[in-house]
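Notes follow the structure.
In the text below, chain A, chain B and the rest are named by the order of the sequence lines, each starting its count at 1. Everything numeric here is computed off the predicted structure, so don't read it as measured data.
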Amino acid sequence: GNSVTQMEGPVTLSEEAFLTINCTYTATGYPSLFWYVQYPGEGLQLLLKATKADDKGSNKGFEATYRKETTSFHLEKGSVQVSDSAVYFCALIRDDKIIFGKGTRLHILP
Amino acid sequence: DAGVTQSPTHLIKTRGQQVTLRCSPKSGHDTVSWYQQALGQGPQFIFQYYEEEERQRGNFPDRFSGHQFPNYSSELNVNALLLGDSALYLCASSQTGVSNQPQHFGDGTRLSIL
């Protein structure tokens with residue numbers, strides 16, 4: 001079946017550090033891939049997306065590349081800020097149904 | 001342009017009661033999906049509505065039912081509430097005809113069962 005596995009948190013970094021959150025997926029065919037972010041007390045916001053192999057999604061300094069050969073979609077940011085503290089969800093969509101990973105809580109220290 | 005709106009924001013119920021949650025989709029969207037997010041977990045797909053009918057369903061019991069109205073808004077009903085139904089319930093909307101596009105989420109309704 002379709003599934004998403006992402007690294008467990010919490011991840012704690014200092015401001016301006018480099019961020020990587022690993023995500024791998026299992027799916028039939030070629031799903032679209034997403035990263036969503038959830039700030040405290042809020043719903044989910046789409047952070048970035050990629051719809052086919054080798055696509056790179058980017059937004060607000062975050063990037064992720066759709067790697068078909070490793071079935072991965074790792075999230076990266078070169079210099080994190082305190083305001084990036086949130087929970088990040090990797091997800092895929094098949095047949096208009098989104099399947100989420102369990103989420104990774106990110107905590108950035110000033 | 002209003003995004004996805006959900007009501008109420010918070011709700012407290014007791015075991016055995018019934019609850020109705022409401023969702024208005026983003027303007028221009030005609031498809032509504034509901035998700036359950038337990039504490040510390042990722043959202044789980046409950047079901048999806050299009051043209052006032054349930055189009056697909058996740059692994060949830062029949063106690064969970066829904067409805068979509070002609071204006072595309074939707075309700076989620078849960079009967080015979082259990083303690084395990086305590087969660088954040090998220091509504092997401094999208095536009096049919098654009099395959100596998102990202103869905104837009106509301107801020108959710110936090111349901112607590114005592």
Quick one: do A:V11 and A:Y39 end up in the same hydrophobic cluster if we chain Ile, Leu, Val, Met, Phe, Trp and Tyr together by side-chain heavy atoms under 4.5 Å apart?
-> yes
Quick one: what part of A:I98 sits under 4.5 Å from any heavy atom of chain B, side chain, backbone, both or neither?
-> both
Please list, in residue-number order, every residue in residues 40-59 of chain B that has a heavy atom less than 4.5 Å from any heavy atom of chain A; write 'none' if there are none.
-> B:G40, B:Q41, B:G42, B:P43, B:F45, B:Q48, B:R55, B:Q56
Checking heavy atoms, do the side chain of A:Q45, its backbone, both or neither come under 4.5 Å from chain B?
-> neither
Exceeds 12 heavy-atom contacts within 6.0 angstrom, atom OH of A:Y25 = yes
Give a yes or no on whether B:L114 atom CG has more than 12 heavy-atom contacts from other residues, nucleotides or ligands under 6.0 Å away.
-> yes
Do other residues, nucleotides or ligands put more than 12 heavy atoms under 6.0 Å from the CZ atom of B:R63?
-> yes
Going only through I, L, V, M, F, W and Y residues with side-chain contacts under 4.5 Å, is there a path from B:L88 to B:F64?
-> no
Would you mind reporting whether B:Q103 and A:I93 have side-chain heavy atoms less than 4.5 Å apart?
-> yes
Linked, directly or transitively: A:L44 and B:L21 (ILVMFWY side chains, under 4.5 Å) | no
Roughly how far, to the nearest 0.5 Å, is CG of B:L90 from CD of A:E42?
-> 12.0 Å
Do B:F60 and A:I99 share a hydrophobic cluster, counting only Ile, Leu, Val, Met, Phe, Trp and Tyr and linking them when any side-chain heavy atoms are less than 4.5 Å apart?
-> no
Over 12 non-hydrogen atoms of neighbours within 6.0 angstrom of NZ in A:K102 = no
Exceeds 12 heavy-atom contacts within 6.0 angstrom, atom CD of A:E69 | yes
Greatest number of non-hydrogen atom pairs under 4.5 angstrom with chain B, of A:G101, A:G41, A:G43, falls to A:G43
What are the two closest heavy atoms between A:K97 and B:Y35, and how far apart are they?
-> C-OH, 4.4 Å
Expected output: side-chain A:Y36 to main-chain B:F105 donor-acceptor under 3.5 Å = no
